[in-house]
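Hydrogens, waters and symmetry mates are skipped; everything else that's a heavy atom, side chains included, is used. Everything numeric here is computed off the predicted structure, so don't read it as measured data. Below, read A as the first sequence line, B as the second, and so on, with proteins coming before strands; counting in each chain starts at 1.
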2 protein chains.
Amino acid sequence: MSHSRRYYGQYCGLASALDIIGERWTLLIVRELLLGPKRYGELLAALPGVGTNLLADRLKFLVENGVLTKPASRDQGYALTEIGQQLRDPVLKLAHWGMGFLGQPGEDLEVRPHWGFLAVQAMIDQERAGDVDEAYEFHVDDVVFHIHVVDGQAKALEGFYEGEAAMIARTDAYTFVEIGAKRLTPFEALASGRLSMTGDVESIMRCSVLLGLAAGMSTA
Amino acid sequence: MSHSRRYYGQYCGLASALDIIGERWTLLIVRELLLGPKRYGELLAALPGVGTNLLADRLKFLVENGVLTKPASRDQGYALTEIGQQLRDPVLKLAHWGMGFLGQPGEDLEVRPHWGFLAVQAMIDQERAGDVDEAYEFHVDDVVFHIHVVDGQAKALEGFYEGEAAMIARTDAYTFVEIGAKRLTPFEALASGRLSMTGDVESIMRCSVLLGLAAGMSTA
DNA sequence: CTGCATCCGCCTCGATACTG
DNA sequence: CAGTATCGAGGCGGATGCAG
């Protein structure tokens, strides 16, 4: 029973938030669960380097504090509660901010295709959602997700779009994140064959604008 | 000389962000600097419990990574860079989320009046900014700040409003944060004399709505 | 085999003392 | 006033053990 966890002891919202999700690994656990419920083993696999005890501790603590729910049955997983889901917005904002610090692709950095799904959610600038009804589909390695723009609102969803996507982009996880980090422009990725896109040119432009990738391309 | 700091080693925006601002105390340092430049000693005073060496380490690291600038002259302080300022949004979102976890006022919890300024910024829901041009002034202990709503945009600013505020609220730091945490309604605070308000009733209502405090009051 | 608890070496943290 | 040096305590990471 590990009592006497380190608290900041400040009557302030931020300090209070950090008392819950400020410890090492915690927000990365949340990141994984933002993409859907996951079992203990799946989390362990998605978080290389985490200690098994530490993961168990974090999960217990988050359950106790109403951020997560325990697996209901054997074949389910930990899931975010309503309160936990409310971390989506701040986490995406942090992720967006952090993209500017992504280092060299290099060596021992882990990449997972489904992180691309989070990257896209982080990159979406709702203010730039045009007044159209169309979808952009992304195939990152073996993971598929899409953005559906309708009524001036852009939503990111897992899986294929139920209908015909106005654009389909195919790439690998590494290239995808690299584009998000603006270490690589979509144009360069296309030219080097690491990215392929099909669809309407104007749709591609609208998608680029939506994701803040339009710099360096001809302005629409 | 910080050797071999702990990194997550994931090619992901969130992990990358946490490599920069994920360590203990770092986001609280950012919180303080969001309210303006501060010197080493001021930070030390605003962060009870932080070690002097740790504060120095964090500051050096944040400067090296372009989040902060060193004090330009002796009588200035550390300041956020452009990149550092971009943490405002995610930090405010986190602070807002964390208000739900604020514990009992109790005993040894530190409170600072200027945290109320951050709390207000975190509570503002821009979507609910009405189509008016008015300001709400807050006097929290000896700290004064105000919200100015104009063109459907609400801005929080330090100091007095240059003009006549449509509402003036006076309270102490503890009560203020307690209201933000929704452990206390403005109505209860008024009744117990811990909060006093002057101004137009409709303006007070609009301010309450803007800050998400209208629940339990008559809907406008 | 999955899900977690226990143990241990190491590194970070927090407090104090010290220096420019 | 603004940091640096040092050291005990405890959180972290990896290996291992154990129950369902």
Rounded distance (Å) that lies between atom C1' of D/dT16 and atom CG of A/L55: 17 Å
d(NZ, B/K70; P, D/dG3) in whole Å: 7 Å
Rounded interatomic separation in angstrom, taking CG from B/L68 and P from D/dG3: 12 Å
Euclidean distance, atom CZ of residue B/R6 to atom P of C/dG9 [Å, nearest integer]: 16 Å
Check: B/Y161 main-chain N/O paired with B/E137 side-chain donor or acceptor under 3.5 Å: yes
Atom-to-atom span, CG of B/D57 to P of D/dA2 - whole angstrom: 17 Å
Residues within residues 23-53 of chain A bordering DNA chain D, heavy-atom distance below 4.0 Å: A/R24, A/W25, A/G49, A/T52, A/N53
Any pair counted as ring pair (Phe, Tyr, Trp, His ring centres under 6.0 Å), so long as it reaches residues 16-37 of chain B, sequence neighbours left out: A/Y8-B/W25
Whether B/F145 and B/F176 hold their rings parallel, tilted or perpendicular, with breakpoints at 30° and 60°: perpendicular
All side chain to side chain donor-acceptor pair (under 3.5 Å) counterparts of B/S73, not counting sequence neighbours: B/D75
Gap between atoms OH and C1', on B/Y7 and D/dC12 respectively (whole Å): 17 Å
Distance, rounded to the nearest Å, where B/L54 contributes CG and C/dG14 contributes P: 6 Å
Pair A/E178 + A/R194, salt bridge at N-O below 4.0 Å: yes
Angle by which the axis turns from one end of the helix from C/dC1-D/dG20 to C/dG20-D/dC1 to the other, five pairs per end, to 10 degrees: 30°
Side-chain N or O of A/R58 closer than 4.0 Å to phosphate OP1/OP2 of D/dC12: yes
Any residue meeting side-chain contact (heavy atoms from CB on, under 4.5 Å) with A/A189, in chain and number order, not counting sequence neighbours: A/T175, A/I179, A/L184, A/L195
From CA spacing to verdict: side-chain contact (heavy atoms from CB on, under 4.5 Å), B/M197, B/L190: CA-CA 8 Å; B/M197 298 171 91; B/L190 278 170; 4.1 Å; yes
Cation-aromatic face contact B/R5/B/F61, 6.0 Å, 45 degrees: yes
Side-chain N,O (A/Y78) to OP1/OP2 (C/dC4) below 4.0 Å: yes
Nucleotide C/dC13, atom C1' - distance to CZ of B/F61 in whole Å: 16 Å
Which donor-acceptor pairs under 3.5 Å do side chains of residues 89-99 of chain B form with protein atoms, sequence neighbours excluded?
residue	atom	partner	partner atom	Å
B/D89	OD2	A/K93	NZ	2.8
B/K93	NZ	A/D89	OD2	2.8
B/W97	NE1	A/I83	O	2.9

